[in-house]
K.L.:
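First the structure, which I've put down as structure tokens, then a few questions once you've had a look.
Note that these values count all heavy atoms, side chains included, but never hydrogens, waters or copies made by symmetry. Convention: sequence-line order gives letters A, B, ...; per-chain numbering from 1.
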Number of protein chains: 2
Amino acid sequence: MAVRKQIESTARVLDPLKQKGLSVTGSRRKILQLFMQQKGALSHGDIEKKAGVTFDRVTIYRTLQTFLDKGIIHAIPTADNAVRYALCQDECGPGHHDHQHIHFICSRCKQIFCLDHFVTPDLHLPKGYQAKDVDVLVKGVCKECSAIAKRA
Amino acid sequence: MAVRKQIESTARVLDPLKQKGLSVTGSRRKILQLFMQQKGALSHGDIEKKAGVTFDRVTIYRTLQTFLDKGIIHAIPTADNAVRYALCQDECGPGHHDHQHIHFICSRCKQIFCLDHFVTPDLHLPKGYQAKDVDVLVKGVCKECSAIAKRA
DNA sequence: TGATTTTTGCAACTATGTTGCTTTTTTGTA
DNA sequence: TACAAAAAAGCAACATAGTTGCAAAAATCA
Ligand SMILES: [Mn+2]
Ligand SMILES: [Mn+2]
Ligand SMILES: [Zn+2]
Ligand SMILES: [Zn+2]
């Protein structure tokens, strides 16, 4: 049972790589795993810390770029000069990202979460401006931190 | 007439500084002026280029931080590791920013604009999440670039 | 003007990101 | 399974970005 579970879990990590036509390597497996284990989004720095000294910094940069290109992860804009990345849930593919979910930034724990809540704000742009893509960033207090605050 | 205009323009640059209780210095005047002359938002790097070798890099960092603190400029999140800054139009002050406008990122000219169009997306957050602030980033083609594309 | 406060510039440092090239690993095929 | 071709990783060297402490310079205010 435990073995079967482990096989499944391994497969779950390998699948996205093979599906996207990527060769399976140590760093790709490890980094993908980190994303899968993680509730929040990860910055390059986060990954470097979590992966330990296992991989060269350059490899992490290149892996993230590859994952972005292939539609395995998406970038989340921030105002702190540290772009975060998170797994794509939707049907993203090479050169094609389409997310309609909110990104929530907790001002207490500093984590960033993808919330699967669709939003299509009524955009009344000035004439001439053509919208292609909308990103909604919400800052506030996340579920866990709210609970902690309530208890205190 | 020309002189009067120049005095006015100088005053317009000085006003925000004095109003916020900041001492008036060369770098602050210059950087504030850059923002006022500019349609789009500016990154630290942009300012460094536009200001020439006039100021030390460190001074620019510190000036931007001061302007942020005092509510003279606001930071615009991006996915390219280069936060942009733009003047606050609203009544922002020390430790208090409140913007309700869209930020538009042109994928052609790469400029970022503050659009004075209010947006309050209907946020249906999961239970426990408390929203404090919302940032809407729209990616697309700006007015000028649309016009250029049409002509071609 | 001159003392006091604030800001700037500089140096030294850390962190972040990029590029070219060589070695190692992966993959597909014989 | 062994091998050749292709792809990725590691390394070095570099470029850019951001931080901190401190001394010199400038701004403010009396
Ligand atoms: Mn997301
Ligand atoms: Mn703005
Ligand atoms: Zn939190
Ligand atoms: Zn444009």
K.L.:
Measure from the side-chain N and O atoms of B:Ser146 to the backbone N and O of A:Gly128, and report whether any donor-acceptor pair falls under 3.5 Å.
P.N.:
yes

K.L.:
May I ask you to decide whether B:Glu144 forms a salt bridge with B:Arg108, counting only side-chain N to carboxylate O separations under 4.0 Å?
P.N.:
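Judged by the 4.0 Å cut-off on N to carboxylate O distance, B:Glu144 and B:Arg108 do not form a salt bridge.
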
K.L.:
Pick the closest DNA chain D nucleotide for B:Val83 and for B:Gly26 by heavy atoms, then say which residue is nearer the 5' end.
P.N.:
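The residue closer to the strand's 5' end, by nearest nucleotide, is B:Val83.
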
K.L.:
Would you mind reading off the distance between B:Leu68 atom CG and D:dG18 atom C1', rounded to a whole angstrom?
P.N.:
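So the CG-C1' distance, B:Leu68 to D:dG18, works out to 15 Å.
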
K.L.:
A:Val58 has a side chain; which of C:dG17, D:dT28, C:dT19 sits nearest to it?
P.N.:
C:dT19

K.L.:
Could you tell me the separation between the CZ atom of B:Arg57 and the C1' atom of C:dC13, rounded to a whole number of Å?
P.N.:
12 Å

K.L.:
Starting at atom CZ of B:Arg29, determine the distance to atom C1' of C:dT7, rounded to an integer number of angstrom.
P.N.:
14 Å

K.L.:
Atom CG of B:Leu64 and atom P of D:dT19: how far apart are they, to the nearest Å?
P.N.:
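Answer to the nearest Å: 11 Å.
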
K.L.:
Walk me through it: do B:Phe104 and A:Tyr129 pass the test ring pair (Phe, Tyr, Trp, His ring centres under 6.0 Å)?
P.N.:
CA-CA 9 Å; B:Phe104 191 94; A:Tyr129 288 85; 4.9 Å; yes

K.L.:
Report the nucleotide, chosen from D:dG18, D:dA8, D:dC11, that has the shortest atom-to-atom distance to any side-chain atom of A:Thr25.
P.N.:
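Closest nucleotide to the A:Thr25 side chain: D:dA8.
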
K.L.:
Would you indicate what B:Thr66 reaches in the nucleic acid, counting non-hydrogen atoms under 4.0 angstrom: base, sugar-phosphate, or nothing?
P.N.:
nothing

K.L.:
What is the distance, rounded to the nearest whole Å, between atom CZ of B:Phe55 and atom C1' of C:dC10?
P.N.:
16 Å

K.L.:
Round to a whole Å and report the spacing from NZ of A:Lys18 to P of C:dT26.
P.N.:
12 Å

K.L.:
Quick one: which of C:dT16, D:dA9, C:dT8 gets closest to the side chain of A:Ser27?
P.N.:
D:dA9

K.L.:
Could you give the CD-to-C1' distance, from A:Glu48 to D:dG10, as a whole number of Å?
P.N.:
14 Å

K.L.:
Can you confirm whether the side chains of A:Thr59 and A:Asp56 place a donor and an acceptor under 3.5 Å from each other?
P.N.:
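Short answer, no.
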
K.L.:
Take atom CG of A:Asp80 and atom P of C:dT16, then tell me their distance rounded to the nearest Å.
P.N.:
11 Å

K.L.:
What's the closest nucleotide to the side chain of B:Arg62 if the choices are D:dA9, C:dG9, D:dA17?
P.N.:
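So the nucleotide nearest the side chain must be C:dG9.
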
K.L.:
Between A:Lys49 and B:Ser23, which is nearer to the 5' end of DNA chain C once each is assigned its nearest nucleotide?
P.N.:
B:Ser23

K.L.:
Could you tell me whether the side chains of A:Asp46 and A:Ser43 share a donor-acceptor contact shorter than 3.5 Å?
P.N.:
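Yes.
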
K.L.:
Could you work out which one of C:dT7, C:dG9, D:dA9 sits closest to the side chain of B:Arg28?
P.N.:
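Output: C:dT7.
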
K.L.:
Which is more 5' along DNA chain C, the nucleotide nearest B:Leu22 or the one nearest B:Asn81? Just name the residue.
P.N.:
B:Leu22

